[in-house]
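Report on one structure; see the data block that follows.
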Amino acid sequence: MSVLITGGAGFIGSHTAVEFLNAGYDIVIMDNFCNSKPVVLDRIKQITGKDFKFYKADLLDVASMDKIFEENPDIDSVIHFAGLKAVGESVAKPREYYNNNVTGTLNLCDCMNRYGVKTIVFSSSATVYGDPDEVPIKETAKVGNATNPYGETKVMIERILKDIYISDKEWKVSVLRYFNPIGAHASGLMGEDPNGIPNNLMPYITKVAAGKLPMLHVFGNDYDTHDGTGVRDYIHVVDLARAHLKALQYIEKAGGIDYFNIGTGNGYSVLDIVKAYNDATGIEIKYVIDPRRPGDIAACYADPTKAREVLGWQAEFGIFEMCRDSNNWQSKNPNGYTE
Ligand code: NAD
Ligand code: UD1
């Protein structure tokens, strides 16, 4: 039996591939490298000492997807990461985002159905909660009102998966709503490698730490939070990867469709992260306070009780390890993944 990991060359997919290989699973990875590089596949092999099949394929190319299932009849479940994820870009290119993420997922599900594979773990996001009425956020909170096309693709895909399950109860669906994944593999061999100037906080901070950017721009210090800066639930990518193992093992036994918040339950402000980075690495992050970033919310953090009670998963790493491992990745790979 093996697990197909779509988008397995990406940030979260690569860390998840390592956890599955370490747990003794056979995996097949597919990716079109639109936001990743082939060298990551070597890093996965280097870390685990294990081999796996890889397909350069696109969710939008049905023939290339069919070939994977045709040639690997042992695939019996899918962890679905492949998708576009840049919020700002999704506002500029909505058709591309809806097509890649929504049509891509429909193609994948059609293909799975054709080959009788009906178990899927899907990468959703806390973005489906929009601006939450209260924090910490429970899975029962209202979903919808995403503030951008990227977020809306997650809302739509969640709905599609629910309707597929309703139409055919043989499907087993686990929807994981990630909070803010950061950190990197402790080896320093894998991490986040955004193109150009990073949009997200931690990749920006690591570039400031490395002297590649002069200072951090803190987007607003007049939010209703303990120090006025935005509060988020940062989660170590290795903890997040392990949540996929637990989610797959659970849904395979339990069946049905279920939703889980994957976060630590702790909210840290931008300035808390700046301080934690200093504590973990000794590097002082210069910053300046800028106006709020449009579309940002004050505070977003998880109530992760359900994942703990139902999946038996909880985050093991704290903000210290997240900062330490992000910095370790950046310092060992100053230009990200290079061939
Ligand atoms: P990533 O961009 O590093 O990985 C996604 C991978 O999918 C990339 O390797 C990319 O090349 C591939 N891909 C995209 N479209 C494809 C297609 N049509 N066919 C084949 N491959 C394709 O992103 P990530 O941070 O690892 O995120 C993985 C998933 O988790 C995404 O669905 C993302 O929306 C979701 N998510 C990420 C975050 C986050 O902060 N990183 C938060 C919540 C949810
Ligand atoms: C963003 C996306 C969200 C997506 C998530 C995935 C937006 C509006 N939201 O979440 O949909 O699921 O990434 O990772 O883009 N900050 C700064 N300076 C910076 C960068 C960020 O002060 O240079 C602040 C932000 O204002 C926020 C916090 O840091 O308070 C975290 O920002 P970021 O890492 O971009 O994540 P989110 O906005 O939570």
Side-chain angles (χ1 to χ4, degrees), residues 5-16 29-38 40 55-61 64-65 79-91 96-97 99-101 103-105 107-108 122-130 146-148 150-151 153-154 157 176-182 191-195 197-205 207-208 213 215-221 223 225 229-235 237 240-241 244 262-263 267-271 273-274 287-301:
I5 303 184
T6 76
F11 172 46
I12 305 168
S14 57
H15 287 81
T16 302
I29 293 182
M30 67 78 67
D31 204 295
N32 67 358
F33 296 128
C34 70
N35 197 37
S36 52
K37 301 206 178 80
V40 74
Y55 288 82
K56 184 166 189 289
D58 195 312
L59 293 175
L60 297 176
D61 174 2
S64 76
M65 295 300 299
I79 315 280
H80 179 32
F81 295 102
L84 299 172
K85 63 161 186 179
V87 170
E89 188 183 61
S90 80
V91 176
E96 195 176 320
Y97 269 68
N99 194 33
N100 192 75
N101 293 6
T103 311
T105 302
N107 288 347
L108 172 68
F122 173 61
S123 302
S124 190
S125 165
T127 197
V128 300
Y129 297 117
T147 51
N148 53 73
Y150 162 72
T153 68
K154 296 294 182 194
I157 294 167
L176 302 186
R177 295 176 179 150
Y178 313 157
F179 282 67
N180 288 56
I182 59 171
E192 192 170 6
D193 184 18
N195 291 322
I197 296 178
N199 295 309
N200 298 114
L201 181 65
M202 185 53 81
Y204 203 102
I205 287 182
K207 294 269 182 290
V208 174
L213 291 168
M215 69 187 75
L216 171 69
H217 296 261
V218 177
F219 299 144
N221 67 349
Y223 286 105
T225 61
T229 65
V231 165
R232 299 290 184 274
D233 187 338
Y234 297 93
I235 164 118
V237 65
L240 174 57
H244 293 78
I262 305 296
Y268 290 99
S269 74
V270 178
L271 296 181
I273 298 294
V274 167
Y287 66 87
V288 59
I289 307 291
D290 273 15
R292 292 180 178 195
R293 179 172 67 179
D296 272 359
I297 57 178
C300 176
Y301 53 97

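Counting starts at 1 for both ligands and their atoms, in listed order.
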Open item on the list: Students should find this: residues with any non-hydrogen atom under 4.0 Å from ligand 1. What is the answer?
Closed with: Gly7, Ala9, Gly10, Phe11, Ile12, Met30, Asp31, Asn32, Phe33, Cys34, Asn35, Ser36, Ala57, Asp58, Leu59, Phe81, Ala82, Gly83, Lys85, Asn100, Ser123, Ser124, Ser125, Tyr150, Lys154, Tyr178, Pro181
Task: Proximal atoms of ligand 2 relative to His217 (non-hydrogen, under 4.0 Å) - done: 17 (C), 18 (N), 19 (C), 22 (O), 23 (O)
Open item on the list: Quick check on contacts: which atoms of ligand 2 are under 4.0 angstrom from a heavy atom of Gly230?
Closed with: 30 (O)
Task: Sub-4.0 Å atoms of ligand 2 with respect to non-hydrogen atoms of Asn199 - done: 20 (C), 35 (O)
- [ ] Run the contact test for Tyr234 against ligand 2 with a 4.0 Å cut-off on heavy atoms, strictly below, and give the result.
- [x] yes
- [ ] Answer with side chain, backbone, both or neither: which part of Leu201 has a heavy atom less than 4.0 angstrom from an atom of ligand 2?
- [x] both
Open item on the list: Quick check on contacts: which atoms of ligand 2 are under 4.0 angstrom from a heavy atom of Ser125?
Closed with: 12 (O)
Open item on the list: Quick test of your reading of the structure: of Val87, Thr225, Ile197, whose heavy atom lies closest to atom 11 (O) of ligand 2?
Closed with: Val87
Open item on the list: Could you tell me, atom by atom, which parts of ligand 2 come under 4.0 Å of a heavy atom of Asp296?
Closed with: 8 (C), 25 (C), 26 (O), 38 (O)
Task: Those atoms of ligand 2 less than 4.0 Å from some heavy atom in Val218 - done: 22 (O)
TODO: Could you name the option among Ile12, Asn180, Leu213 that has the heavy atom nearest to atom 37 (P) of ligand 2?
DONE: Asn180
Open item on the list: Within the 4.0 Å heavy-atom shell around Thr127, which atoms of ligand 2 are there?
Closed with: 11 (O)
